[in-house]
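Please read the structure below before turning to the comments.
Reckoned from all heavy atoms, side chains included, excluding hydrogens, waters and symmetry mates. FYI, the numbering just counts along the sequence from 1.
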Amino acid sequence: MRGDEDRDRAVTELLRTDRRSRARRIGQSAREWVKSIAIAFVLFLVIRASVVEAFKIPTSSMEGTLLVGDFLLVNKAVYGPRLPGTDILLPGFVEPERGDVVVFHPPHEPEKNYVKRVVGVASDTLEMRDKRLYLNGTLMDEPYVRHVDGRGDAVHPDMEWQSHHLIASEPREYHPTRDNWGPIVVPRGRYFVLGDNRDNSEDSRYWGFVSRDEIRGRPAVVYYSFEPNAQESLPWLSTVRWARIGTMIR
């Protein structure tokens, strides 16, 4: 009987030890799992803040380069990323150039992201005559530009800001319109941006120059696209624009 009791106690102790060992292993695995998730989350935040970020095209201002329903991957490192959690701009690889499509915060809505094309940099003289853009007196070749409004020119009071940047040597009456304005000079540290869909774009013509500090990145590729105005249910699944996925943005 004594031997049986000793065996029972030994078995009970072995089972208890095994349960504690398994609990320790489970606890250690859980801690490692939580640690891995935390590291991955921090890396995601760092990458999102400084390297690459997803962006959805909400308006038609860049048609036909970019379409409503396009989802973009934006390279935030190319012009200099922000130090995560701050507004400190780190050095980039290049500076924004004419022709670059950029994502930025506009001066009148600094909490929003806009996407347009840079057409003027510091010291450039810009003018538009009958929808055609002139850079430093030379007509620009812009194969990406689209015009959709055949009703004639349009007037907007917000464009009066341009009068402070005219190149004219003497003050003059200035009444800019959507299709006819300038010549104006781009100040230092500023950029002039336009939408490719020139007749349907809220851009620098209306609210002014973009500060270098507000340029957030350059869209690189369309990673997903669908037709958002389709009448079908679940258009993000049923109306995928397969031909646009993987398209490089130029």
Minimum heavy-atom distance between S204 and G208, given as atom pair plus value: OG-O, 2.8 Å
Pairwise distance CZ(F71) to NZ(K56) - rounded to 0.5 angstrom: 4.5 Å
Close side-chain approach of L133 and L194, heavy atoms under 4.5 Å: yes
Verify same cluster id: M159, Y114 (apolar side-chain graph, 4.5 Å): yes
Residue among V240, T239, V68 satisfying side-chain contact (heavy atoms from CB on, under 4.5 Å) with E227: T239
Donor-acceptor pair, side chain of R241 and main chain of S225, under 3.5 angstrom: no
Residues F93, Y79; criterion side-chain contact (heavy atoms from CB on, under 4.5 Å); working and verdict: CA-CA 6 Å; F93 300 105; Y79 299 135; over 6 Å; no
Non-hydrogen atoms of S123 and N136 that approach each other most closely: O-OD1, 4.3 Å
Side-chain heavy atoms of V103 within contact of P219, under 4.5 Å: yes
Donor-acceptor contact below 3.5 Å, side chain R218 vs main chain P96: no
Exercise: identify the closest heavy-atom pair between P176 and E160: CD-OE2, 3.9 Å
cation_pi(R129, Y134) dist<6.0 Å, angle<=45: yes
Flag, side chain of N180 to backbone of T177, donor-acceptor distance under 3.5 Å: no
Closest non-hydrogen atom pair, G189 against A122: N-CB, 4.2 Å
Spacing of K131 atom NZ and D153 atom CG [to the nearest 0.5 Å]: 6.5 Å
Derivation and outcome, salt bridge (charged side-chain N to carboxylate O under 4.0 Å, His left out), residues E142 and R132: CA-CA 9 Å; E142 299 182 292; R132 295 178 295 178; over 6 Å; no
Between CD on residue E63 and OG on residue S201, distance to nearest 0.5 Å: 11.0 Å
Joint cluster assignment, L126 & Y206, ILVMFWY side-chain distance < 4.5 Å: yes
Verify same cluster id: L67, I57 (apolar side-chain graph, 4.5 Å): no
ILVMFWY cluster, Y223 and I245 together (side-chain gap under 4.5 Å): yes
Test item: R117 side-chain N/O and M62 main-chain N/O as donor-acceptor pair under 3.5 Å: no
Shortest non-hydrogen contact between D149 and D199, atoms and distance: N-OD2, 2.9 Å
Exercise: do H105 and R216 side chains pair donor with acceptor under 3.5 Å: yes
ILVMFWY cluster, V148 and Y144 together (side-chain gap under 4.5 Å): no
From CG (D141) to CG (L135), nearest 0.5 Å: 12.5 Å
Whether D100 side chain and V102 backbone form a donor-acceptor pair below 3.5 Å: no
Sub-6.0 Å ring centroid separation between F209 and W161: yes
Evaluation steps, side-chain contact (heavy atoms from CB on, under 4.5 Å), between F104 and N113: CA-CA 5 Å; F104 60 93; N113 285 317; over 6 Å; no
Straight-line distance of K76 NZ to E53 CD, nearest 0.5 Å: 4.0 Å
Main-chain N/O of V186 paired with Y191 side-chain donor or acceptor, under 3.5 Å: no
Nearest-0.5 Å distance that lies between atom OG in S163 and atom NE2 in H175: 10.0 Å
From CA spacing to verdict: side-chain contact (heavy atoms from CB on, under 4.5 Å), V115, F55: CA-CA 9 Å; V115 56; F55 179 79; 3.8 Å; yes
Step-by-step side-chain contact (heavy atoms from CB on, under 4.5 Å) determination, D179 to D130: CA-CA 5 Å; D179 302 332; D130 297 327; 5.9 Å; no
R205 backbone acceptor or donor facing Q162 side chain under 3.5 Å: yes
Parallel, tilted or perpendicular, as decided by the 30° and 60° cut-offs, for the rings of W207 and H108: parallel
T65 to R244 - nearest heavy-atom pair and separation: O-NH2, 3.2 Å
Beyond-backbone contact of V121 with R190, side-chain heavy atoms, under 4.5 angstrom: no
From CA spacing to verdict: salt bridge (charged side-chain N to carboxylate O under 4.0 Å, His left out), D203, K116: CA-CA 8 Å; D203 48 40; K116 308 288 180 188; 5.5 Å; no
Beyond-backbone contact of V210 with I215, side-chain heavy atoms, under 4.5 angstrom: yes
Short side-chain to backbone donor-acceptor contact, N200 and N197, under 3.5 Å: no
